[in-house]
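Just so it is clear: chains get the letters A, B, ... in the order the sequence lines come, proteins before strands, and each one is counted from 1.
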2 protein chains.
Amino acid sequence: MEIEAQTGLAGGSDRSAETRGKILDAAVQEFSANGLAGARMDQIASVAGVNKALLYYHFDSKENLYSAALEMISTKTRDATMATFLRDASPGERVLRSALGHFDRILAQTEFQSLMQQEMMRLHKGESGAMDLLIKRVFAPMLAMYQSMVREGIASGELIDTDWLQIHLASLGTNVFYFMSSQLWRELLPYDPFSPEVLAERRKTVVHFLGLAIFRDRERGAELAEKVLADTPMPEIRVDKSPFGVKHERKK
Amino acid sequence: MEIEAQTGLAGGSDRSAETRGKILDAAVQEFSANGLAGARMDQIASVAGVNKALLYYHFDSKENLYSAALEMISTKTRDATMATFLRDASPGERVLRSALGHFDRILAQTEFQSLMQQEMMRLHKGESGAMDLLIKRVFAPMLAMYQSMVREGIASGELIDTDWLQIHLASLGTNVFYFMSSQLWRELLPYDPFSPEVLAERRKTVVHFLGLAIFRDRERGAELAEKVLADTPMPEIRVDKSPFGVKHERKK
DNA sequence: TCTACTTTACTAACCAGTTAGTTAAACTGA
DNA sequence: TCAGTTTAACTAACTGGTTAGTAAAGTAGA
């Protein structure tokens, strides 16, 4: 028995696995750009270079394909994140590293963030969809690890004595908010908030600020921030920035 | 000449103004719950208690109605926010107050936040829509005021010397992220993250954390946080929490 | 000969927007 | 003061474009 068959519903050959991969990639693109309702099955088929009927052959429905795409990208993201937590370093340093990793991951791959935002809004409306699974398999383990990391840091006296969730929210929230509102900053700030230079500066500021905010000894926080930044280069920014996805408009 | 006629497109009688108000309220509800694409004109009409054609009589199109609804609620929010900035207090205290005010505003009225989130995603896709106007009339003045407030605080030595934008992002980001992911926390945390007690605790933590993070003198930050919290009671939480909006499903 | 895939043509639903008409209040002039 | 006229506010029923999903028959490779 093979190891796959997690996401797809049909067949199991090499060829079909490859095709499913192409479809999933196209689906991630289309869904992250247009949302579940806004995405067009024809567009996904066209980008994947296959016939529309094939989407229904492999994944039974639009929702099914959506779930599969969501699961694929989430698993990827989880594995990348968990790696940060497991480094050999003090809890405080790992908190800084994970904040930086989060920043870089959003930079390098917008799709996950975009899909999550949409999924949050769907969850709000009670259309849980594929989220239940993700919560158990992706978010719960990540959060548990984060929690024990921060608690360890508080217990050892390295970090200030505050709610561990607050540190988590402050780290992630700042990044998510910045990228979420990116187009707003573009209009509001007198400089381009997504030029490589400005991004590098933001990255620094995020980590330094966190260093000043959460460490008992602010000087140590600043030093660690410096160290973490020094050995983590900023990822390449993808060039396909703004026009990401295709608009679908009704004709008049 | 009358003062109104800003949002609506037709007539100007008392009766029509009242009807337009009802339609706009219904529209805010439906659009914030379902997004521009997901909202149903039939549903808005039904909630407003009028015929669908009347929506087209008063506002020419779905997009037009959307813009009008967005503008109405944004103006409301801006006025509430500006009030915080203008209090007679030190810059640092006003920063704390505005963070708390932001938290409370999201609590008391989810619609604005929800609409903004959606509008951010549309902006990303280049469908700027009504946002250009809002940026000039709502966000630009708020941001300018915030910036000078923080800079004043840094200049006087009250606040740490960091990018003013970082303080802004950290304050707002934490709140936005918490409420955006509310349903996720509901599943992940061992307690209800939206019970009045937990919310009160979050509110405290947010302000205290900011006090510790941005003030040169941490003790002063803690004291000011205490003071600000003491004279700002938490708003009532609306009871119509989770099921906000109506789902639209295709029939099989 | 089976699995993976294509092609073409279709349907059923959905939903923004329109049309053609109704109601009632306000205005007009003799 | 009231019949006649206009106009703003509103409705019921329909139209037409769009799109998820299906059906059925066929092709290519291993």
Side-chain angles (χ1 to χ4, degrees), chain A residues 2 4-5 7-24 26-27 30-31 34-69 127 129 246-252, chain B residues 2 4-5 7-24 26-27 30-31 34-69 127 129 246-252:
Chain A
E2 291 277 331
E4 41 85 11
T7 47
L9 298 170
S13 75
D14 276 5
R15 187 174 160 217
S16 98
E18 201 189 312
T19 310
R20 276 210 304 277
K22 277 196 298 184
I23 294 175
L24 282 174
E30 175 73 2
F31 283 126
N34 299 98
L36 172 55
R40 298 291 161 244
M41 293 299 269
D42 287 300
Q43 176 67 15
I44 294 173
S46 144
V47 169
V50 300
N51 191 275
K52 182 169 73 150
L54 194 62
L55 307 185
Y56 291 92
Y57 175 77
H58 281 297
F59 309 88
D60 275 353
S61 63
K62 195 186 188 183
E63 278 207 42
N64 238 312
L65 175 56
Y66 180 74
S67 301
E127 304 164 3
V246 182
K247 282 191 278 186
H248 308 302
E249 276 167 17
R250 281 176 180 246
K251 274 167 198 160
K252 288 173 190 175
Chain B
E2 292 279 330
E4 40 85 11
T7 47
L9 299 170
S13 73
D14 277 5
R15 187 173 159 218
S16 97
E18 202 189 311
T19 310
R20 278 210 303 277
K22 277 196 297 184
I23 294 175
L24 281 175
E30 175 73 1
F31 283 126
N34 300 98
L36 172 55
R40 299 291 161 242
M41 293 298 269
D42 288 295
Q43 176 66 16
I44 295 174
S46 147
V47 169
V50 300
N51 189 274
K52 184 168 65 150
L54 194 62
L55 306 185
Y56 290 92
Y57 174 77
H58 282 296
F59 309 88
D60 275 353
S61 62
K62 194 186 190 183
E63 279 207 40
N64 238 310
L65 176 56
Y66 179 74
S67 302
E127 304 165 1
V246 182
K247 282 192 278 185
H248 309 302
E249 278 167 15
R250 277 173 185 248
K251 273 169 200 159
K252 289 175 187 172

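In this structure, A:L24 and A:F59 have side chains that are in contact, with non-hydrogen atoms separated by less than 4.5 Å. Taking 4.5 Å as the limit, every side-chain heavy atom of A:L65 sits out of range of all side-chain heavy atoms of A:D60.
Taking 4.0 angstrom as the limit, B:H58 places a side-chain polar atom (N or O) nearer than this to OP1 or OP2 of D:dC10. Proximity of B:R40 to the phosphate of C:dA16: a side-chain N or O atom is located under 4.0 Å from OP1 or OP2. Close to C:dG17, at under 4.0 Å from its OP1 or OP2, lies no side-chain N or O of B:S61.
Rounded to an integer number of Å, the gap from A:Q43 CD to D:dT18 C1' is 15 Å. Per the geometry, CD belonging to B:E18 stands 14 Å off C1' belonging to D:dC10, to the nearest Å. Straight-line distance from the CG atom of B:D42 to the P atom of D:dT11: 13 Å, rounded to whole Å. Between the C1' atom of D:dG21 and the OH atom of A:Y66 lies a distance of 20 Å, rounded to the nearest Å. For the pair B:I44 CD1 and C:dG17 P, the interatomic distance rounds to 11 Å; values are reported in whole Å. A straight line from CG of B:N64 to C1' of C:dA16 spans 14 Å, rounded to a whole angstrom. For B:M41 and D:dC14, the CE to C1' distance is 17 Å, given to the nearest whole Å. Taking atom CG of B:L65 as the reference point, atom P of C:dG17 lies 10 Å away to the nearest angstrom.
Side-chain atoms of A:E30 never come within 3.5 Å of backbone atoms of A:M41 as a donor-acceptor pair (strictly under, hydrogens ignored). Checked by atom type and distance alone, the side chain of B:S46 never pairs as donor or acceptor with a backbone atom of B:D42 at under 3.5 Å.
The side chain of A:K62 approaches D:dG21 more closely than any other nucleotide in the set D:dG21, D:dC10, C:dC5.
Closest non-hydrogen pair, A:Y56 versus A:S61, comes out as CE2-CA, 4.1 Å. Minimum heavy-atom separation, A:I44 to A:A26: O-CB, 3.6 Å.
Atom-to-atom distance recorded for A:I23:CD1 and A:Y57:OH is 11.0 Å, nearest 0.5 angstrom.
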Quick one: which protein N/O atoms are closer than 3.5 Å to N/O atoms of nucleotides 6-10 of chain C? Pair and distance per line, please.
unit_1 : atom_1 : unit_2 : atom_2 : d
C:dT6  : OP2    : A:N51  : N      : 3.3

